[in-house]
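A, B, ... follow the sequence lines: proteins, then strands. Residue 1 opens every chain.
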Amino acid sequence: MQHQKKKIIFWGTPNFAAFILEKLISQGYCPQALITTSDKPVGKEKFLNSPATKKIAQKYNLPVWQFDNLKNESVLKTLVDLKPDIFIIAAYGLIIPQEILKIPVQGCLNVHPSLLPRYRGASPIQAAILNNDKKTGTTIMLMDEKVDHGPIISQKKLKIKPGETTPSLTKKLALLSADLLIKILPLWLENKIKTRPQKHKKATFTRQIKKIHGQIFWYKPAQQIIQMWRAYQPWPGIYTFFKGKMLKIIDLEILKIKHSFVPGQVFLTPDKNLAVACSKNAIILKKVHLEGKNPVKGIDFFNGHREIIKQIL
RNA sequence: CGCGGGGUAGAGCAAUGGCAGCUCGUCAGGCCCAUAACCUGAAGGUUGGGGGUUCGAAUCCCCUCCCCGCAA
């Protein structure tokens with residue numbers, strides 16, 4: 001087991017990385033250390049929340065380094081002193097400077113959950129769902145000077161099932177990525193894999209998702225709003241405004257109907273469901289969450305806010 | 001002390017100093033070939049808890065417990 005003598009350092013932060021890390025460990029490819037970002041205060045109680053990968057690392061007693069700023073000498077020195085053979089990077093959260101990428105003798109592998117060169121950047125999984133793609137996949141590539149730009153080592157496709165959400169697809173892609181990684185890693189470490197460059201002209205890009213992206217525009221077709229809802233779980237979710245307050249839509253359903261309402265107009269279906277008209281079809285609000293209140297069923301919300309009918313959101 | 005909203009009947013919400021109400025649900029009865037429809041009636045409250053101001057507090061003040069949004 002020659003590869004186990006190699007020093008692997010794993011970089012990653014959220015769930016996607018955590019699934020991969022755990023699978024690597026369980027399959028006998030335990031890294032020497034985890035590098036992730038710092039604990040972030042979360043919620044009103046402002047307690048610190050560790051990255052998902054850190055929790056896994058602690059479970060297996062892996063050493064953990066947490067860096068938020070990679071552009072200083074002490075970080076560089078720490079990493080050089082580890083004398084790593086290879087870095088495996090999966091959703092770290094920050095762009096890693098060139099000087100650091102040059103450290104490991106066998107390069108830096110990046111796990112990216114899309115079929116590169118499609119969907120480079122920060123939100124490939126959400127983009128695939130948002131665009132109603134029928135398939136996506138994962139790519140393992142050798143990192144170079146540009147983000148998600150390096151030559152491809154291996155790729156694997158995955159069908160997107162109807163109703164797939166970001167959390168469910170994230171998990172599937174992570175497990176797929178881990179399998180692929182385990183398969184190619186020993187070969188890579190023995191220099192038995194050739195890379196192939198990406199077709200850069202076909203590249204598309206995705207950006208970091210912000211709260212504002214979750215706002216619903218009712219002039220869009222209902223189908224598209226459903227895809228937003230699937231893509232933007234668990235955060236930022238999708239929301240609209242009612243009486244100046246944010247109304248999150250926790251659960252919804254498409255209502256296939258020909259109607260003459262204005263997009264955004266609220267109405268009640270014959271079987272007593274609260275619904276909002278879109279440019280095509282409509283959305284049934286099964287569960288909503290008004291800012292400052294508890295989440296409630298659509299019908300309960302209607303009982304307390306009868307004036308919502310005929311209003312335009 | 002990061003900013004903000006809320007706690008009222010089983011559920012969702014009104015009532016901002018003067019008789020605690022609305023919609024839904026529940027129960028009883030009625031109507032109907034029938035129904036998640038409709039009609040009549042009923043039950044269901046220590047207004048989260050404690051203290052204060054007042055002739056009088058869900059409402060104003062102080063304390064406390066709980067829930068939630070923003071921010072990530």
Practice item. Quick one: look up who B:rU53 pairs with, Watson-Crick or G-U, both distances under 3.5 Å, and put none if it's unpaired. Key: none
Point to revise | Student check: side-chain heavy atoms of A:L252 and A:I238 closer than 4.5 Å | key: yes
Study note, to complete from the structure: Per atom distances to the A:R306 side chain, the nearest of B:rA71, B:rC24, B:rA72 is B:rC24
Check your understanding: Expressed in angstrom and rounded to an integer, what is the separation of A:E307 atom CD from B:rC13 atom C1'?
Key -> 9 Å
Check your understanding: Rounded to the Å, how far apart are A:L94 CG and B:rA72 P?
Key -> 15 Å
Check your understanding: How many Å lie between NE2 on A:H289 and C1' on B:rG5, as a whole number?
Key -> 10 Å
**Study point:** Length of the line joining A:M246:CE and B:rC3:P, which is rounded to integer Å
**Key:** 19 Å
Study note, to complete from the structure: If pairing means Watson-Crick or G-U wobble with both distances under 3.5 Å, then the partner of B:rG29 is B:rC39
Review point. Could you state the NE2-P distance from A:H305 to B:rU23, rounded to the nearest angstrom?
Key: 16 Å
Point to revise | P-based separation of B:rG29 from B:rC22 [nearest Å] | key: 24 Å
**Study point:** Any-strand Watson-Crick or G-U partner of B:rU59, both distances under 3.5 Å
**Key:** none
Check your understanding: If we take the C1' atom in both B:rC13 and B:rG17, what is their distance in whole Å?
Key -> 22 Å
Point to revise | Span that lies between the C1' atom of B:rG21 and that of B:rA58, in whole angstrom | key: 12 Å
Review point. For A:D271, which contact category applies under a 4.0 Å heavy-atom criterion: base, sugar-phosphate, or nothing?
Key: nothing
Check your understanding: Roughly, in whole Å, what's the span from NZ in A:K297 to P in B:rG25?
Key -> 12 Å
Point to revise | Spacing of the C1' atoms in B:rC27 and B:rC63 (rounded, Å) | key: 42 Å
Check your understanding: A:K245 side chain N/O closer than 4.0 Å to the phosphate oxygens (OP1, OP2) of B:rG5?
Key -> no
Practice item. Just call it for A:N303: base, sugar-phosphate, or nothing, with non-hydrogen atoms closer than 4.0 Å on any strand. Key: base
Check your understanding: Is there a chain of hydrophobic side chains (I, L, V, M, F, W, Y, each step under 4.5 Å between heavy atoms) that links A:I308 to A:Y239?
Key -> no
Point to revise | Nearest-Å distance once atom P is located in both B:rG25 and B:rU40 | key: 15 Å
Study note, to complete from the structure: Across every strand shown, the nucleotide meeting Watson-Crick or G-U wobble geometry with B:rG45 (both distances under 3.5 Å) is none
**Study point:** Separation of B:rG12 C1' from A:L274 CG (nearest whole Å)
**Key:** 12 Å
Study note, to complete from the structure: Per nearest nucleotide of RNA chain B, the residue lying toward the 5' end, A:N294 or A:D300, is A:D300
Review point. Looking at A:F302, does the NZ or CZ of A:K272 lie under 6.0 angstrom from its six-membered ring centre and within 45 degrees of the ring axis?
Key: no
Exercise for review: Rounded to whole angstrom, note down the C1' distance from B:rA42 over to B:rG48.
Suggested key: 28 Å
Exercise for review: Quick one: list whatever passes side-chain contact (heavy atoms from CB on, under 4.5 Å) with A:N132, sequence neighbours left out.
Suggested key: A:K134, A:Q227
Review point. Which pairs with one or both residues in residues 130-162 of chain A pass ring-ring contact (aromatic ring centres under 6.0 Å, His included), sequence neighbours excluded?
Key: A:H149-A:H200
Point to revise | Distance, P atom - from B:rC65 to B:rA36, rounded to whole angstrom | key: 47 Å
Study note, to complete from the structure: By nearest-nucleotide position on RNA chain B, the 5'-leaning member of A:P295 and A:G304 is A:G304
Exercise for review: Using the P atom on both, measure B:rC39 against B:rC31 and round to a whole Å.
Suggested key: 16 Å
**Study point:** A:K293 side chain, from C-beta outward: closest of B:rG6, B:rC24, B:rC70
**Key:** B:rG6
Exercise for review: Could you check how far CD of A:E291 sits from P of B:rA71, rounded to whole Å?
Suggested key: 10 Å
Point to revise | Distance test, side-chain N/O of A:K272 to OP1/OP2 of B:rU35, below 4.0 Å | key: no
Check your understanding: With under 30° as parallel and over 60° as perpendicular, where do the rings of A:F242 and A:F301 fit, or are they tilted in between?
Key -> perpendicular
Review point. Does B:rC3 have a Watson-Crick or wobble partner in any strand here, with both distances under 3.5 angstrom, and which is it?
Key: B:rG69
Review point. So does A:D133 pair up with A:R118, basic N to acidic O under 4.0 Å?
Key: yes
